[in-house]
J.: 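This is the structure, below, for whatever I ask next.
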Amino acid sequence: MPELPEVETVRRGLTQLVAGSQIKKVDVIYEKMINLPKKPFEDALREKTIEAVDRRGKYLFIRISGGLTIVSHLRMEGKYDVEPEGAPIGKHTHVIFHLADGRQLRYNDTRKFGRMNLVHTGDEMSVAGLRNIGPEPTERDLTVDYMQTIFAKSKKMIKPFLLDQSKIAGLGNIYADEVLWLSKIHPEQPVNLLTLDEIKRLRMNIITEIQKAIAGHGTTVHSYSNAYGEAGSFQNHLNVYGRTNKPCLRCGTPIVKIKLAQRGTHFCPQCQVIHGEENE
DNA sequence: AGTTTTCCCTGCCCGC
DNA sequence: TGCGGGCAGGGAAAAC
């Protein structure tokens with residue numbers, strides 16, 4: 001499932017493969033994927049050029065000549081593939097961009113969860129999830145001050161809190177479990193009771209983990225692959241996600257899996273313990 | 001207003 | 001073998 005590092009990997013892949021390419025025409029096969037009716041969406045993109053591909057959180061911004069942007073969210077299993085025009089079209093192909101050089105950029109998505117919003121460049125906030133999206137998980141944007149402020153204001157459990165894109169952009173279920181394990185914080189810990197030390201530790205783990213995952217071209221779980229069709233390599237580095245009943249890599253205690261806010265959540269009951277403000 | 005639940009989808013895995 | 005049921009999950013919308 002693409003989280004920020006996977007989306008960044010796709011962004012780089014698309015930049016290399018299709019930036020500068022002209023779109024001859026577009027075929028929308030699955031209409032619910034897009035924010036406009038099929039015809040105006042296709043017509044607006046005919047004969048335009050893909051100028052660049054940017055990213056914000058897990059959203060891709062495909063910049064189109066004439067002041068347009070396709071805001072693309074891959075959700076669970078969305079992916080872009082570049083194929084020659086004769087290649088057989090799979091049953092999960094929902095949008096096809098016919099490029100002037102004969103190649104096709106195809107959007108594939110087995111679960112049909114992904115979405116494409118065609119907007120005027122600059123109007124990206126008209127897409128619901130971008131209106132109040134949180135800072136990028138970087139040294140520069142995710143400051144200790146900011147984290148302290150938002151953590152003090154909420155009694156929510158840290159795991160669902162980390163998945164809330166309006167708090168911090170880009171973390172998904174895998175990285176949320178990973179950074180909590182690395183930081184030795186229990187997923188049900190209320191965020192307002194975290195110590196400053198824990199907040200700082202969590203912050204650094206978020207920043208460095210995302211960085212490392214980008215360097216490793218993203219995690220691969222299920223069917224994810226990048227625009228080159230390569231699988232990411234970061235799955236080899238997962239410490240806790242998907243390791244239910246396997247020994248914790250720090251202390252050997254079996255990893256426990258619970259459900260929090262409808263999300264599978266993995267943690268070590270020995271290393272990650274809930275505490276009140278009186279503790280540590 | 002903040003938080004929790006439901007729903008969208010399909011493939012896969014399990015049990016019968 | 002085939003079928004039903006349950007599960008997986010990001011995020012928007014609906015319900016609390």
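Letters go in sequence order (proteins before strands), and every chain restarts at 1.
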J.: Examine B/dG2: is either OP1 or OP2 under 4.0 Å from a nitrogen or oxygen in the side chain of A/S154? Give yes or no.
T.: no
J.: How many whole angstroms separate atom NZ of A/K159 from atom P of C/dG9?
T.: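 The distance from NZ of A/K159 to P of C/dG9 comes to 8 Å, rounded to the nearest Å.
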J.: Taking only side-chain nitrogens and oxygens of A/K112, does any of them come within less than 4.0 Å of OP1 or OP2 of B/dT10?
T.: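 So the side chain of A/K112 is within the cut-off, an N or O lying under 4.0 Å from OP1 or OP2 of B/dT10.
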J.: Write down the distance between CG (A/L74) and P (B/dC8), rounded to a whole number of angstrom.
T.: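 Taking atom P of B/dC8 as the reference, CG of A/L74 is at 22 Å.
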J.: Contact class for A/Y30 vs. all strands (heavy atom < 4.0 Å): base, sugar-phosphate, or nothing?
T.: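 Sugar-phosphate: the residue A/Y30, judged by heavy atoms under 4.0 Å, touches backbone atoms but no base.
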J.: Is any N or O donor-acceptor pair between the side chain of A/R263 and the base of C/dG10 shorter than 3.5 Å?
T.: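 Flag set: donor-acceptor pair detected.
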J.: Is the shortest distance from a Lys or Arg side-chain nitrogen in A/D197 or A/K200 to a carboxylate oxygen in the other one below 4.0 Å?
T.: no
J.: In whole angstrom, what separates A/D164's CG from C/dG10's P?
T.: 13 Å
J.: Rounding to an integer number of Å, can you tell me how far A/M76 CE sits from B/dC9 C1'?
T.: 10 Å
J.: Just compare B/dT3, B/dG11, B/dC8 and give me whichever is closest to any side-chain atom of A/H92.
T.: B/dG11
J.: Using whole Å, report how far CG of A/N132 lies from P of B/dG2.
T.: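 Rounded to whole Å, this separation is 10 Å.
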J.: Distance check needed: C/dG11 C1' versus A/R56 CZ, whole Å only.
T.: 16 Å
J.: Are any of A/Y241's side-chain N or O atoms less than 4.0 Å away from OP1 or OP2 of C/dG9?
T.: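 Answer yes for this pair, as a side-chain N or O of A/Y241 is under 4.0 Å from OP1 or OP2.
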J.: From C/dA12, B/dT3, B/dT10, pick the nucleotide closest to the side chain of A/R75?
T.: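 Between C/dA12, B/dT3, B/dT10, the one nearest the side chain of A/R75 would be C/dA12.
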J.: Return the 5'-most residue of the pair A/K167, A/F113 with respect to DNA chain B, ranking by each residue's nearest nucleotide.
T.: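 Residue closer to the 5' terminus by nearest nucleotide: A/K167.
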J.: At 4.0 Å (heavy atoms only), tell me whether A/Q262 reaches a base, stays on the sugar-phosphate, or touches nothing.
T.: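 Counting heavy atoms under 4.0 Å across all strands, the contact made by A/Q262 includes a base.
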J.: When you measure from the side-chain N and O atoms of A/H73 to the phosphate of C/dG10, is any distance below 4.0 Å, counting only OP1 and OP2?
T.: no
J.: Quick one: is C/dA8 close enough that its OP1 or OP2 comes under 4.0 Å of any side-chain N or O from A/K257?
T.: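 Yes, such a contact exists.
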J.: Classify the nucleic acid contact of A/K153 as base, sugar-phosphate or nothing, counting any heavy atom under 4.0 Å across all strands shown.
T.: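 No contact.
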J.: Could you tell me whether a side-chain N or O of A/E31 sits under 3.5 Å from a main-chain N or O of A/P37, the two making a donor and an acceptor?
T.: no
J.: Minimum heavy-atom separation for A/H275 and A/L193, please, with both atom names.
T.: CE1-O, 3.3 Å
J.: Whole angstrom is fine here: how far is it from CG in A/L4 over to C1' in C/dG10?
T.: 14 Å
J.: I need the CD-P distance between A/Q165 and B/dG2, as an integer number of Å.
T.: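 One finds 18 Å between P of B/dG2 and CD of A/Q165, rounded.
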J.: Checking side chain to side chain donor-acceptor pair (under 3.5 Å) between A/Q104 and each of A/E85, A/H98, A/E83, which is the one that passes?
T.: A/H98
J.: Would you check if there is a donor-acceptor pair between the side chains of A/D109 and A/Y107 at a distance under 3.5 Å?
T.: yes
J.: Any side-chain N or O of A/K91 below 4.0 angstrom from OP1/OP2 of B/dG11?
T.: yes
J.: Hey, does the side chain of A/R250 reach the backbone of A/W181 with a donor-acceptor pair shorter than 3.5 angstrom?
T.: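 Side chain of A/R250 to backbone of A/W181: a pair is present.
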J.: Considering only side-chain heavy atoms of A/T110, which listed nucleotide, C/dG9, B/dG11, C/dA12, is closest?
T.: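 Of the options given, the side chain of A/T110 lies nearest B/dG11.
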